[in-house]
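Numbered from 1 within each chain, the chains take letters A, B, ... in sequence-line order.
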There are 2 protein chains.
Amino acid sequence: MTEIKPDSSEPPRLGGATQIDVARRAGVSTATVSRVLNGSPLVSRASREKVEAAIRELAYMPHEAARSLATRRSRTLGAVIPTLTNAIFAAGVNAFEDEARRRGHALFIAVSNYDPVQEGFLIRQMVERGVDGLLLVGNDRGAEGLEMLVSSGLRCACAWAYDEAAPLANIGFDNAAAMAPLVDHLVASGRRRVAILAGVLAGNDRARARLDGTVARLADHGLAPVAVAETLYSIRRAKEAARALLEVGPDAVVCGNDVIALGALAAARAAGLGVPDDVAITGVDDLPISAEMDPPLTTVRIPAEEMGRRAAAELIAAIKEDRPVSSIRLGTRLVVRRSSWRKPGAS
Amino acid sequence: MTEIKPDSSEPPRLGGATQIDVARRAGVSTATVSRVLNGSPLVSRASREKVEAAIRELAYMPHEAARSLATRRSRTLGAVIPTLTNAIFAAGVNAFEDEARRRGHALFIAVSNYDPVQEGFLIRQMVERGVDGLLLVGNDRGAEGLEMLVSSGLRCACAWAYDEAAPLANIGFDNAAAMAPLVDHLVASGRRRVAILAGVLAGNDRARARLDGTVARLADHGLAPVAVAETLYSIRRAKEAARALLEVGPDAVVCGNDVIALGALAAARAAGLGVPDDVAITGVDDLPISAEMDPPLTTVRIPAEEMGRRAAAELIAAIKEDRPVSSIRLGTRLVVRRSSWRKPGAS
DNA sequence: CGCGCCTTTGTCTGCGCTTTCATTCGAGTG
DNA sequence: CACTCGAATGAAAGCGCAGACAAAGGCGCG
C-alpha cells in the first residue's frame, strides 16, 4: 500500500518534470509558468522569480514536441542535401546550422545521395516533422514534389543556384554565368583545346548549368569543347574519367567542381602530363585544399558559407515576418592559380 | 453569412488535414486511421483500403509532434559534433544519417565548434527536442553535463573514441593505440628525429590520446619527440604551425590528423624540403584526398563510415530493445604511402 | 437457436504545452 | 468614497495523435 502523495512526489528523473510540477512548486498556475518560459512581460517580478527557482530546483526542461503541437511552430529548420561528403556542401550546411542555432532554431538534416526520388521522400518527411523552413539544393525537382511544397505553405530556400525563373526562392549564384570568366581566362592564356569533365547531369541543374555555361562561353570565342565527359563526384571516379579524357589531348580540362578537378590533377600526374604546361586544369568551389595542391588549383570561388548563413537568416526572417522567402543572388569569383598559368602569348 | 459546413469542408491546404478528416472521409474512427498508419494487424482489409484512399485524396500527412507527444518517442536521433568542415566528421555523420534514416529515424544535427560549453548547451537542447538517442564525439565533457545525460536516461553513444573507463558507451577506436603501428613504421624505416604536430588538446581527448600514444610508443623505442606543437584544425593554420616545427629539423612529422598533415605537406613543399627524403609526414584519418596527394600521405585509417553506421544501428537497437547502449570497439589500420617511404637501412 | 469467443471497431482520455478569456486585485480618479 | 481602469493571474480549452477499454459483429459449437 505505498501511496504516492501527488504534491510531494519528485519527478522520477531529471528533466522528467512538467510545467504542472513547476507551477505547483512555485505556487502559481501553468499559464504563469508558460509566460515566464516565453518571456512574456505580463508577469510580476515576484512570480517570475518563484518560477525560475522552481525550474532550477526541479531541473525542469520544456517539452518541445508539446510546444510545437500547441504553437504550430517547431523552431526547427530542415536541410535536404545531396551529400555531406563533399566539403562544399558540408561547409554550407555547417554555416546554415550555425546561423539557425544562433537564431534559436534546431536543424534536421537529410542526405539524398543525389537521388531525386529519395529527395522527394525526404522533403515529405521534413514536412511531417513540421519544420518551419527548408533548405534545398538546386531547382531540379519533379512537379509533384514541387506542388506539395508550394501548397503546404512551407517556407523554402533553394541554394546553390540562382535562376529568375525558379519556382521557389533561390539563394545562390548563377552556375552558368560563373563559368564565363574562367573560360575567358583560359582562352586569353592561349588554351584552345578545352575538354570538359562535368559532374552527374541527370537531376542536377547546377552541373548542367556549369556545362552549358562553359560551352556557351567557348562558343562566344568561336570554340567548341574537344571532349565532354561526365563523372560521379569522387576523386577516384573523376581520376578514372579524366584519364580517358586526357587521351584526347586537351590543353585544358574544365571540371564541374574541385573534387573532380582534384581527380583530374591526379590523372594528369599519373599520365606524366605537366600541369599547367601540358594541360590546364580548373575546378569550381575553391575548397581549402585546392589552394594547397601542387600545383594550386585555378577555380571559381563559391560563397558556400555566406550562402548557408544567409539562407538560414532569410528563412527565419520570412517565418517571423510571415512573408514569402526572398531570393538572394550571390556572386562568384574566378581564382587564378598555377594549375592554369601559361606565359602570355604561348600557344 | 458564409457558413462553413463542418462535414464538407476540405482542409485549407494540402497536408493540412488531420486524422479526424481522414476518419470522416473514410467513414471510420480515428482509432482505425491510427491503426492503419501504424501498420496494426487488427484492421480489416476493407477498412484499410478505405482509409488509404482517404489519406491519398486528402493528401493527409501525420503530424509528428503530436505523435511524439502521445507516444513519448520521437523517432529522432541527434548528433552533436565539433564541426562538419572536417571531411572525416562529415563522412561519419553522413553514414550515421543514412543508417538512421533507413531505420526510420530523422536526424537533428548541431555543431559545437570544439567548444565544451557550447556542446553542453547543445546536448541540453537535444534532450528538450526529445531525441531518442544521441551521438557525441569523444569522452571529454564536464561532470554536470554528464550527470544530466545519465539521469535523463537518454541513450547516448560517444564515437571517435574507445575507452574502457568511459562513463558512456563508446563506439569507436583507441586513439592512443592507433598511433603505435605508425610510430613503429617510422622508427623501423630509420626515422629518429620525430616531431609531433597535434590538434587542439584542450577539451579534446582524442587529440590528447593520439599525442600521448605517439610519445609513449616513441619511448618504447627509447626515443623522445624532438618537438611538439599544437594547431587548430585547418590546412592553413597547420601549414603555419608546421613551418615553425620544420625549423627544428625533424626527419618525421607525426600529425594529429590528415588535415593537419596536408598543411604540413604544404609547409614542407614551401620550405623546399623533400617528402619523404628529407622529412616523413604522416596523418590520421585517411581522407579520400590523402591518397591522391603528391606524395600520397601515409596515415592511419579511421573507419568513420562504419562508425557512424554502427552507432546509429546500435542506438536504435538499444531504444527498441529497451536496454543500455553497448560499446563497440573498432579497429584502425596503418596505411603506408610514399610520404613516409625510405629505403631500408638509410639514416 | 442460443451461447461464447475472436475479430474488428469505436469512444474517450491524456501526452505537455500555449493561449484565450474571465477574474481578481490594487491604484488612481472625479 | 464609489468607480474605472490596468496589471497580474488562473481556469480551461484545445493542438493531433496513440492506446486502453468497451462494444459490436460474425462465427462455430452444442
| query | Which nucleotides of nucleotides 17-25 of chain D have their base under 4.0 Å from a protein heavy atom (B), which only their sugar-phosphate (S), and which neither (-), written as one string 5' to 3'? | reply | BBBB-----
Mind calculating the distance between [atom1] ([X]) and [atom2] ([N]) to the nearest angstrom?
| X | N | atom1 | atom2 | result |
| --- | --- | --- | --- | --- |
| B:L42 | C:dT8 | CG | C1' | 8 Å |
| B:R129 | C:dC17 | CZ | P | 14 Å |
| B:R24 | D:dG16 | CZ | P | 12 Å |
| B:L69 | C:dT13 | CG | P | 17 Å |

Working to the nearest 0.5 angstrom, can you tell me the gap between [X] [atom1] and [Y] [atom2]?
| X | Y | atom1 | atom2 | value |
| --- | --- | --- | --- | --- |
| B:M148 | B:R124 | CE | CZ | 6.5 Å |
| B:M307 | B:L135 | CE | CG | 8.5 Å |
| A:M61 | B:E128 | CE | CD | 5.5 Å |

| query | Which pair of non-hydrogen atoms, one from B:S47 and one from B:V43, has the smallest distance, and what is that distance? | reply |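 Looking at all heavy atoms of both residues, the shortest contact is CB-CG1, 3.7 Å.
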| query | Is A:R102 paired with A:E97 through a side-chain N to carboxylate O contact shorter than 4.0 Å? | reply |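 Judged by the 4.0 Å cut-off on N to carboxylate O distance, A:E97 and A:R102 do not form a salt bridge.
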| task | Inspect the contact between A:D132 and A:R75 and indicate whether a charged nitrogen and a carboxylate oxygen are less than 4.0 angstrom apart. | result | no
| Short side-chain N/O contact to D:dG10 OP1/OP2 from A:T32, under 4.0 Å |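 Yes, A:T32 has a side-chain N/O under 4.0 Å of OP1/OP2 on D:dG10.
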| Is B:S68 touching bases, backbone alone, or none of the nucleic acid, heavy atoms closer than 4.0 Å? | nothing
| Which part of the nucleic acid does B:G27 contact within heavy-atom distance under 4.0 Å: base, sugar-phosphate only, or nothing? | sugar-phosphate
| note | Testing C:dG10, D:dG10, C:dT9 for proximity to the side chain of B:V28, the answer is C:dG10
| field | Closest to the B:R72 side chain, choosing from C:dC15, D:dG16, C:dT9 | value |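 Selected nucleotide: C:dC15.
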